[in-house]
Amino acid sequence: QVQLVESGGGLVQAGDSLRLSCVVSGGTSSNLRMGWFRQAPGKEREFVAAISASGRSTIYGDGGKGRVTISRDNAKNTVYIQMNGLRPEDPAGYYCAEKSSYPDYISRGDFHYWGQGTQVTVSS
């Protein structure tokens, strides 16, 4: 069974940058398309970004567009999300998700396994 473990969250100041990591175990990450989502207390889960299994295709949600970059290192079975210019509305639990997929297929949804999340807090 595939397991996803996120890390890199923490307390940062508004305007700072942060890079979150998601390590995949129990599977071959190069066969998996990956996504990042976030959810703040009392709010619905929000799509942040996704990347195809090959890494050649990426898409972004509206909330982080222009400030977020998703990338992957299949040799390390790791997917990253770089967030710049963190804002007061960015604090949330950030979760990665995966699903086995064709190399260049990409989608905002329909993910199979999810990680436990890493918390991001932004101080103003």
Side-chain angles (χ1 to χ4, degrees):
Q1 181 175 337
V2 173
Q3 291 188 324
L4 308 176
V5 179
E6 303 94 334
S7 63
L11 173 63
V12 297
Q13 291 188 334
D16 283 353
S17 298
L18 200 62
R19 188 177 80 161
L20 307 181
S21 301
C22 173
V23 177
V24 180
S25 62
T28 304
S29 68
S30 60
N31 294 333
L32 306 174
R33 62 181 172 89
M34 305 292 296
W36 280 96
F37 294 77
R38 67 183 183 184
Q39 187 167 22
K43 295 187 177 181
E44 292 186 354
R45 187 170 64 198
E46 179 185 11
F47 169 75
V48 178
I51 188 167
S52 61
S54 68
R56 288 189 287 265
S57 300
T58 58
I59 53 174
Y60 294 92
D62 292 336
K65 193 171 292 184
R67 300 186 294 123
V68 170
T69 303
I70 189 170
S71 62
R72 65 189 302 156
D73 184 341
N74 286 338
K76 296 181 178 179
N77 281 344
T78 303
V79 175
Y80 306 96
I81 185 167
Q82 175 74 35
M83 299 186 293
N84 299 322
L86 285 162
R87 300 172 178 173
E89 61 264 32
D90 290 326
Y94 282 73
Y95 302 85
C96 67
E98 65 81 22
K99 187 170 184 179
S100 181
S101 179
Y102 292 110
D104 294 320
Y105 177 74
I106 196 165
S107 171
R108 295 170 180 256
D110 188 29
F111 288 93
H112 193 185
Y113 290 108
W114 294 76
Q116 294 298 307
T118 184
Q119 188 68 33
V120 173
T121 305
V122 180
S123 65
S124 56

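Position 1 is the first residue of the sequence, and the numbers go up from there. Quick caveat: nothing in here was measured; it's all calculated off a predicted structure.
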Going hydrophobic residue to hydrophobic residue with side-chain gaps under 4.5 angstrom, can you get from [X] over to [Y]?
| X | Y | answer |
| --- | --- | --- |
| Y80 | V5 | no |
| L86 | I70 | yes |
| V12 | Y94 | yes |
| I59 | V68 | no |

Please report the shortest heavy-atom distance between [X] and [Y], naming the atom on each side.
| X | Y | value |
| --- | --- | --- |
| N84 | S17 | OD1-OG, 2.9 Å |
| S107 | A50 | O-CB, 3.6 Å |
| E6 | G117 | OE1-N, 2.8 Å |
| R72 | N74 | NE-OD1, 2.8 Å |
| A92 | A40 | CB-N, 3.8 Å |
| I81 | A49 | CD1-CB, 4.4 Å |

Checklist line | Q119 atom CD, neighbour heavy-atom count above 12 within 6.0 Å | finding: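 Buried by this count: over 12 neighbours within 6.0 Å.
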Note to self: Counting neighbours of CD on Q3 that are heavy atoms of other residues, nucleotides or ligands and sit closer than 6.0 Å, is the number greater than 12?
What the structure shows: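 Result for CD/Q3: open.
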Note to self: Going by the rule salt bridge (Lys or Arg N to Asp or Glu O under 4.0 Å), which residues pair with R87 if we only count those two or more places apart in sequence or in a different chain?
What the structure shows: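 For R87 the salt bridge (Lys or Arg N to Asp or Glu O under 4.0 Å) partners, ignoring immediate neighbours, are E89.
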Quick one: [atom1] on [X] to [atom2] on [Y], what's the gap to the nearest 0.5 Å?
| X | Y | atom1 | atom2 | answer |
| --- | --- | --- | --- | --- |
| Y60 | W36 | OH | CH2 | 13.0 Å |
| L20 | L18 | CG | CG | 5.0 Å |
| C96 | I51 | SG | CD1 | 12.5 Å |
| R45 | R38 | CZ | CZ | 13.5 Å |
| T69 | M83 | OG1 | CE | 11.0 Å |
| S54 | Y105 | OG | OH | 13.5 Å |

Side chain to side chain, [X] and [Y], heavy atoms closer than 4.5 Å:
| X | Y | value |
| --- | --- | --- |
| D90 | R67 | yes |
| M34 | V24 | yes |
| L32 | S100 | yes |
| L11 | S123 | yes |
| Y95 | L4 | no |

Item checked: Pair listing, salt bridge (Lys or Arg N to Asp or Glu O under 4.0 Å) test, anchored in residues 94-120, at least two apart ->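 Only R33-D110, R56-D104, K99-D110 qualify under salt bridge (Lys or Arg N to Asp or Glu O under 4.0 Å).
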Next item on the list: Check the angle between the aromatic planes of F37 and W114 and answer parallel, tilted or perpendicular using the 30° and 60° thresholds.
Entry: tilted
